[in-house]
K.L.:
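The structure under discussion is supplied below as structure tokens; questions concerning it will follow.
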Amino acid sequence: MVMYVDLEHLGGHNQFYEKFTPRYYIAELLKALWDIPAYRAAFEAEARAHEGATGHFVKFFNYLLNDASFLLEEGVSDLRKINQHEALVASPEWTAMTPEQRAERTEAIDQTRGHCGSMLRLANETVNMLQYLSRDLPQPFLRPELRSRVAPMLNYFLDVLSTDQRRELRIQDPKSVNFNHRRLLEQILRTYINFGSFPEFHKAVAEDERCYSTAAFDRALAFVRDKNLLPVGETEQFSELCGHIRAAHAEGAAEEDLY
């Protein structure tokens, strides 16, 4: 955990990107250790010991959110570029280009594919870590300074992955760039469910002006049911959470009407 935090400041000119690969292996190690009861108990004891405090423990969760958000945004942006390129190749415009123009576009998109694969490989492990940590240890994420970030992040990627925006991410060979749409969305949904019993999380989701809307969550829930993304019990848990968030949003709107 300390190493994960300290990697934020490696000191090199490319330190921002250099931290991600070692953090990937830390995530792999943590995933393996998490199934060992003694290790998990020690981690949970550390969390309780630092409850309400600042320092490496809080920074760890903060950087975890930073990484998940950045890596997913980069991956989604690249998927959109690949989608657009594949549409171009299938159009008359592509055949009308000179060989040099096509070669230039192909070289550029090959670089995008490589970058996309790297970003999503790292993102998959980071999101997985977010999911099981929030399941077994939700409290650190519910600190005011963290829940105000985790809720909008989840809202954004739920919107991207479950509404009409998801069509912009369709590409011919998603496995080649480490993109598993279903698995990623399942992890996002289960992370929501992990926070489902906490009113402060309901409020944080509802207060996200950028991505939250009742209609967006209704569409997401309909998509989850239509595609059978989750077992029935978890689908109902997500449905119940949507109801709590809707109530929190209505309560917030009523309070605003008083002023």
K.L.:
Using 4.0 Å as the upper bound for N to carboxylate O, is an ion pair formed by Glu28 and Lys31?
P.N.:
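Glu28 and Lys31: salt-bridged.
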K.L.:
Determine the minimum heavy-atom distance between Cys116 and Gly75, stating which atoms define it.
P.N.:
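Heavy atoms of Cys116 and Gly75 come nearest at SG-O, 3.8 Å.
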K.L.:
Can you see which heavy atom on Val224 is nearest to which on Leu189, and at what distance?
P.N.:
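It is CG2-CD1, 3.6 Å.
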K.L.:
For residues His85 and Trp94, determine if any side-chain heavy atom of one lies less than 4.5 Å from a side-chain heavy atom of the other.
P.N.:
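They are in contact (side-chain heavy atoms under 4.5 Å apart), so the answer is yes.
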K.L.:
For Arg170, is there any backbone N or O sitting under 3.5 Å from a side-chain donor or acceptor partner on Asn83?
P.N.:
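Yes; at least one donor-acceptor contact below 3.5 Å.
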K.L.:
Would Ile171 and Leu88 show up in the same hydrophobic cluster when neighbours are defined by side-chain heavy atoms closer than 4.5 Å?
P.N.:
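Result: no, two separate clusters.
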K.L.:
Can the ring centroids of Phe141 and Phe61 be said to lie less than 6.0 angstrom from one another?
P.N.:
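Centroid distance Phe141-Phe61: below 6.0 Å, so yes.
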K.L.:
Is it true that a side-chain atom of Asn194 and a backbone atom of Arg190 form a donor plus acceptor pair closer than 3.5 Å?
P.N.:
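It does hold such a pair.
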K.L.:
Report yes or no: do Val127 and Leu29 belong to one cluster of Ile/Leu/Val/Met/Phe/Trp/Tyr joined by side chain heavy-atom distances under 4.5 Å?
P.N.:
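Val127 clusters together with Leu29.
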K.L.:
How long is the span from the CD atom in Gln187 to the CG atom in Leu154, to the nearest 0.5 Å?
P.N.:
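These two atoms lie 11.5 Å from each other.
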K.L.:
Starting from Tyr25, can I reach Leu71 by hopping between I/L/V/M/F/W/Y residues whose side chains sit under 4.5 Å apart?
P.N.:
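Both belong to a single hydrophobic cluster.
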K.L.:
Between Asn124 and Arg183, do the side chains contain a donor N or O and an acceptor N or O under 3.5 Å apart?
P.N.:
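Side chains of Arg183 and Asn124: no pair found under 3.5 Å.
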K.L.:
Passes side chain to side chain contact (heavy atoms under 4.5 Å, CB included), Leu241 versus Val205? Steps please.
P.N.:
CA-CA 10 Å; Leu241 172 61; Val205 171; over 6 Å; no
K.L.:
Is any side-chain heavy atom of Tyr4 less than 4.5 Å from a side-chain heavy atom of Lys59?
P.N.:
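When only atoms from C-beta onward are counted, Lys59 and Tyr4 do not touch, as no gap falls below 4.5 Å.
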K.L.:
Looking only at heavy atoms, which two atoms of His249 and Ala206 are closest? And how far apart?
P.N.:
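Closest approach of His249 to Ala206, heavy atoms only: CD2-O, 3.4 Å.
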K.L.:
State, yes or no, whether a side-chain contact exists between Leu184 and Leu161 at a heavy-atom distance under 4.5 Å.
P.N.:
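Side chain of Leu184 against side chain of Leu161, heavy atoms only: contact under 4.5 Å found.
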K.L.:
Test your reading of the model: is there a side-chain donor-acceptor pair from Arg219 to the backbone of Thr163, 3.5 Å cut-off?
P.N.:
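Side chain of Arg219 to backbone of Thr163: no pair is present.
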K.L.:
Passes side chain to side chain contact (heavy atoms under 4.5 Å, CB included), Thr126 versus Leu72? Steps please.
P.N.:
CA-CA 9 Å; Thr126 307; Leu72 279 176; over 6 Å; no
K.L.:
Listed by chain and number, what are the side-chain hydrogen bond (donor to acceptor under 3.5 Å, both in side chains) partners of Arg182, not counting sequence neighbours?
P.N.:
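Arg182 satisfies side-chain hydrogen bond (donor to acceptor under 3.5 Å, both in side chains) with Glu186 once adjacent residues are dropped.
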K.L.:
Does one side chain, of Asp35 or Tyr132, offer a donor that lies under 3.5 Å from an acceptor on the other?
P.N.:
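Per modelled atom types, Asp35 and Tyr132 side chains form no pair under 3.5 Å.
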K.L.:
Can you confirm whether Glu44 is buried at CD, in the sense that more than 12 heavy atoms of other residues, nucleotides or ligands lie under 6.0 Å from that atom?
P.N.:
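Yes - once you tally the heavy atoms of other residues, nucleotides and ligands closer than 6.0 Å, there are more than 12.
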K.L.:
For the pair Asn66 and Tyr63, evaluate side chain to side chain contact (heavy atoms under 4.5 Å, CB included) and give the outcome as yes or no after the intermediate values.
P.N.:
CA-CA 5 Å; Asn66 286 351; Tyr63 293 150; 3.7 Å; yes
K.L.:
Go through the steps to decide whether Ile188 and Thr191 satisfy the test side chain to side chain contact (heavy atoms under 4.5 Å, CB included), and finish with yes or no.
P.N.:
CA-CA 5 Å; Ile188 296 292; Thr191 303; 5.7 Å; no
K.L.:
For the atom pair CZ (Phe198) and OG (Ser134), what is the distance rounded to the nearest 0.5 Å?
P.N.:
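Rounded to the nearest 0.5 Å, the CZ-OG separation comes out at 10.0 Å.
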K.L.:
A side-chain contact here means heavy atoms from C-beta on lying under 4.5 Å apart; do Val5 and Asn62 qualify?
P.N.:
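Side chain of Val5 against side chain of Asn62, heavy atoms only: no contact under 4.5 Å found.
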K.L.:
Is the shortest distance from a Lys or Arg side-chain nitrogen in Arg102 or Glu107 to a carboxylate oxygen in the other one below 4.0 Å?
P.N.:
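The answer is no: the pair does not qualify as a salt bridge.
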K.L.:
Of the non-hydrogen atoms in Val160 and Arg80, which two are nearest, and what is the gap between them?
P.N.:
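Scanning both residues completely, I find the closest heavy atoms to be CG2-NH2, 4.1 Å.
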K.L.:
Roughly how far apart are Tyr156 OH and Ser69 OG, rounded to 0.5 Å?
P.N.:
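Here the interatomic distance stands at 8.5 Å.
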K.L.:
Salt bridge between Arg147 and Glu207, side-chain N to carboxylate O under 4.0 Å?
P.N.:
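Between Glu207 and Arg147 there is no salt bridge, as every charged N stays at least 4.0 Å from the carboxylate O atoms.
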K.L.:
Between Leu229, Leu230, Asn228, which is the residue that forms a side chain to side chain contact (heavy atoms under 4.5 Å, CB included) with Thr235?
P.N.:
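Only one of Leu229, Leu230, Asn228 forms a side chain to side chain contact (heavy atoms under 4.5 Å, CB included) with Thr235, namely Leu230.
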K.L.:
List in chain and number order the residues that pass side chain to side chain contact (heavy atoms under 4.5 Å, CB included) with Arg166, two or more places apart in sequence or in another chain; answer none if no residue qualifies.
P.N.:
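For Arg166 the side chain to side chain contact (heavy atoms under 4.5 Å, CB included) partners, ignoring immediate neighbours, are Asp164, His181, Phe223.
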K.L.:
Indicate yes or no for a side-chain donor-acceptor contact from Thr95 to the backbone of Pro92 under 3.5 Å, with no hydrogens or angles considered.
P.N.:
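Yes; at least one donor-acceptor contact below 3.5 Å.
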K.L.:
Using atom types as modelled and distance alone, determine if a side-chain donor or acceptor of Asn178 lies under 3.5 Å from a backbone N or O of Gly117.
P.N.:
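Yes; at least one donor-acceptor contact below 3.5 Å.
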K.L.:
Give a yes or no on whether Tyr17 and Tyr24 share a hydrophobic cluster (residues Ile, Leu, Val, Met, Phe, Trp, Tyr; joining criterion: side-chain heavy atoms under 4.5 Å apart).
P.N.:
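Per the 4.5 Å side-chain linkage, Tyr17 and Tyr24 are co-clustered.
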K.L.:
Quick one: CD1 on Ile109 to NE2 on His115, what's the gap to the nearest 0.5 Å?
P.N.:
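Going from the CD1 atom of Ile109 to the NE2 atom of His115 covers 12.5 Å.
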K.L.:
Do Leu120 and Glu74 make a side-chain contact, defined as non-hydrogen atoms from C-beta onward lying under 4.5 Å apart?
P.N.:
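Side chain of Leu120 against side chain of Glu74, heavy atoms only: no contact under 4.5 Å found.
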K.L.:
So Glu236 and Arg225, salt bridge (Lys or Arg N to Asp or Glu O under 4.0 Å) or not? Walk me through it.
P.N.:
CA-CA 10 Å; Glu236 291 312 305; Arg225 285 176 167 155; 3.5 Å; yes
K.L.:
Walk me through whether Glu86 and Lys81 qualify under salt bridge (Lys or Arg N to Asp or Glu O under 4.0 Å).
P.N.:
CA-CA 9 Å; Glu86 291 178 350; Lys81 292 175 184 176; over 6 Å; no
K.L.:
Could you tell me whether the side chain of Asn155 reaches within less than 4.5 Å of the side chain of Asp159, counting heavy atoms only?
P.N.:
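Sidechains of Asn155 and Asp159: no contact.
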K.L.:
Mind checking whether Leu130 and Leu65 have side chains closer than 4.5 Å, heavy atoms only?
P.N.:
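Leu130 reaches Leu65 side chain to side chain.
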K.L.:
Would you indicate whether the side-chain heavy atoms of Val58 and Glu145 approach each other to under 4.5 Å?
P.N.:
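Yes, side chains in contact.
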K.L.:
Over all heavy atoms of both residues, which pair between Pro140 and Leu146 is shortest? Give the atoms and the distance, please.
P.N.:
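Nearest pair, atom of Pro140 first, then Leu146: O-CD1, 3.1 Å.
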K.L.:
Rounded to the nearest 0.5 Å, what separates atom OG in Ser118 from atom CZ in Phe20?
P.N.:
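Answer rounded to 0.5 Å: 11.5 Å.
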K.L.:
I'd like to know whether Tyr192 forms a ring-ring contact (aromatic ring centres under 6.0 Å, His included) with Phe217, so could you lay out the CA-CA distance, the side-chain angles of the two residues, the decisive distance to 0.1 Å, and finally the verdict.
P.N.:
CA-CA 12 Å; Tyr192 270 108; Phe217 267 71; 5.8 Å; yes
K.L.:
What heavy-atom pair brings Leu169 and Phe179 nearest, and what distance separates the two atoms?
P.N.:
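For Leu169 and Phe179, the tightest heavy-atom pair comes out as O-CE2, 3.9 Å.
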K.L.:
Indicate, with yes or no, if Leu133 and Val2 share a hydrophobic cluster defined by side-chain heavy-atom contacts under 4.5 Å among Ile, Leu, Val, Met, Phe, Trp and Tyr.
P.N.:
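No: no chain of side-chain contacts under 4.5 Å links Val2 to Leu133.
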K.L.:
Counting only heavy atoms from other residues, nucleotides and ligands, does the tally under 6.0 Å from CE of Met3 exceed 12?
P.N.:
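Check fails, neighbour count at 12 or below.
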K.L.:
Can you tell me how far the OG atom of Ser197 sits from the CD atom of Gln237, to the nearest 0.5 Å?
P.N.:
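That separation rounds to 9.5 Å.
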